[in-house]
Trainee: 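Take a look at this one; I'll ask things after.
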Amino acid sequence: MKTFLVYLLISYPLSMAMAQFEPNYDERQVPEFKIPDPLTTFDGKKITATSEWENTRRPELYQFFEEQVYGKVPGKLDSLSFNMVETSDDALNGKAQRKQVEVSLFKNGKSLDFNILLYLPKSRKPAPIFLGYNFYGNHSITDDPNVIVSKAWAMDSEEFGISGHTLTEASRGVRVHRWALEKIIDGGFGLATIYYGEVDPDKNDFSDGLHSLFYMESQEIPKKDEWGSIAAWAFGMSRALDYLETDPDIDASHVVSFGHSRLGKAALWAGASDTRFAGVISNDSGCGGAALSKRQVGETVGRINTSFPHWFCDNFTEYNENEEALPVDQHELLALIAPRPLYVASAEDDQWADPRGEFLSAHYATSVYDLYGTKGISDTKMPEVNSPVQNTLAYHIRTGKHDVTEYDWEQYIDWAKRFVAVKP
Ligand code: GTR
């Protein structure tokens with residue numbers, strides 16, 4: 001009896017803690033909740049005109065996401081500079097121009113460098129661009145031997161031959177399949193990519209990366225409402241856009257921020273926080289990205305803040321196991337991008353990212369696209385797999401797993417031709 005009691009005392013709290021983190025995939029277990037209305041202000045005023053959206057509602061929503069979810073950028077850079085490190089007119093069998101540009105950011109006597117790898121179609125100048133981070137270094141997205149291997153900290157990966165947190169030749173080309181580079185070039189677009197670890201290493205350590213440049217004296221971590229890594233990556237995308245604006249080979253008024261998964265969250269926040277981005281693509285961005293948090297399907301706010309304590313600002317932990325208290329949901333992040341083109345994509349086997357929650361989020365953001373007279377996802381029923389719905393706000397769910405595939409890129413290129421950078 002005594003041992004049984006001891007067993008109960010130990011195992012009960014443990015199993016409760018585990019139960020909290022047991023992911024739900026059952027639609028019947030989704031809690032009932034009211035979708036916050038993008039077109040009603042926090043104090044209950046209805047928004048009926050784009051001017052009211054732009055002057056009242058959008059700023060208050062933006063402020064909420066900035067202070068309570070992703071975190072504020074604490075101040076401005078002192079300066080930044082661009083340095084062309086390498087260039088060739090004979091990339092991809094002569095079809096493309098390659099450029100490798102080092103961007104240096106300066107603040108408080110400190111600096112940080114990151115490198116943009118660019119492939120530009122020779123057939124179209126200036127070229128519209130897809131700009132997105134990669135997970136394992138610029139050299140991982142292509143077999144091109146001329147792409148410089150980053151010296152920045154990297155996540156170890158047995159699969160890709162990465163150990164000691166150091167990138168080497170072993171990982172050249174390991175992520176070719178995620179970047180349909182030839183199709184992008186043939187479609188008349190350029191690709192700009194950056195290794196995300198150069199902007200902020202993806203670990204729960206705020207002593208390095210972009211954050212450290214902005215600290216006040218004796219500050220060691222961001223304040224509760226200051227940026228986590230996602231906001232730092234988004235900031236890096238904006239600084240890359242600063243460079244793109246200076247390059248005459250690039251049509252900087254047609255740059256689409258693109259990202260997969262955690263980097264899809266960053267692409268969305270970049271698009272929301274910097275309206276110079278002409279369009280946004282969220283590929284399988286899931287929790288804290290396109291998926292509705294209040295559904296609590298797959299990854300939840302509590303779970304993501306526990307596994308990745310450095311991604312969001314500290315204030316966001318208020319909503320751990322407490323999603324019902326959120327006065328917003330992620331469809332309102334999507335709405336911040338309106339009326340600019342936005343593509344939300346899911347994968348059927350990526351239940352962790354809650355495909356239905358990503359779809360519904362696009363659907364519930366549609367009222368703001370409607371307000372501008374642009375088309376979104378008006379249907380409440382999810383489309384069949386591999387049957388994209390492409391409007392200014394687009395959505396697809398494809399077969400397969402959490403990944404970026406050739407199929408995804410085919411849709412993005414087609415859609416971007418129709419809605420982002422229409423050829424004259
Ligand atoms: C997972 C995380 C997701 C998603 C993913 C990724 O571990 O739970 O939110 O960001 O990583 O980035 O691949």
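Both counts, for ligands and for their atoms, begin at 1 and track the order of listing. Predicted model, so just to flag it, every value in this text is computed and none were measured.
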Trainee: In the protein, which heavy atom is nearest to atom 6 (C) of ligand 1, and how far is it?
Mentor: Ser261 OG, 2.4 Å

Trainee: Could you see which bit of Ile304 sits under 4.0 Å from ligand 1, with heavy atoms only: side chain, backbone, both or neither?
Mentor: side chain

Trainee: Hey, does the Lys NZ or Arg CZ of Arg57 hover above the aromatic six-ring of Phe42, less than 6.0 Å from the centre and inside 45° of the axis?
Mentor: yes

Trainee: Flag the pair Phe312 / Tyr70 as yes when their ring centroid distance falls below 6.0 Å, and as no otherwise.
Mentor: yes

Trainee: Just checking, any donor-acceptor pair under 3.5 angstrom between side chains of Asn204 and His310?
Mentor: no

Trainee: Is the distance between the ring centroids of Tyr195 and His139 less than 6.0 Å?
Mentor: no

Trainee: In the protein, what heavy atom is nearest to atom 7 (O) of ligand 1, and what distance, to one decimal place, separates them?
Mentor: Phe308 CZ, 3.4 Å

Trainee: Would Arg303 count as a contact of ligand 1 if the rule is a heavy atom under 4.0 Å away?
Mentor: no

Trainee: Using heavy atoms and a threshold below 4.0 Å, how should the contact between Glu299 and ligand 1 be classified: side chain, backbone, both, or neither?
Mentor: side chain

Trainee: Check whether any heavy atom of His260 sits under 4.0 Å from an atom of ligand 1.
Mentor: no

Trainee: In terms of atom number and element, which parts of ligand 1 are under 4.0 angstrom from non-hydrogen atoms of Trp311?
Mentor: 9 (O), 10 (O)

Trainee: Got the closest protein heavy atom to atom 11 (O) of ligand 1, with its distance?
Mentor: Arg262 NH2, 2.9 Å

Trainee: Between His331 and His363 (judged by ring centroids, cut-off 6.0 Å), do the two rings come close enough to count as a pair?
Mentor: no

Trainee: Determine whether a donor-acceptor pair (N or O, by modelled atom type, separation under 3.5 Å) exists between the side chain of Thr50 and the backbone of Tyr372.
Mentor: no

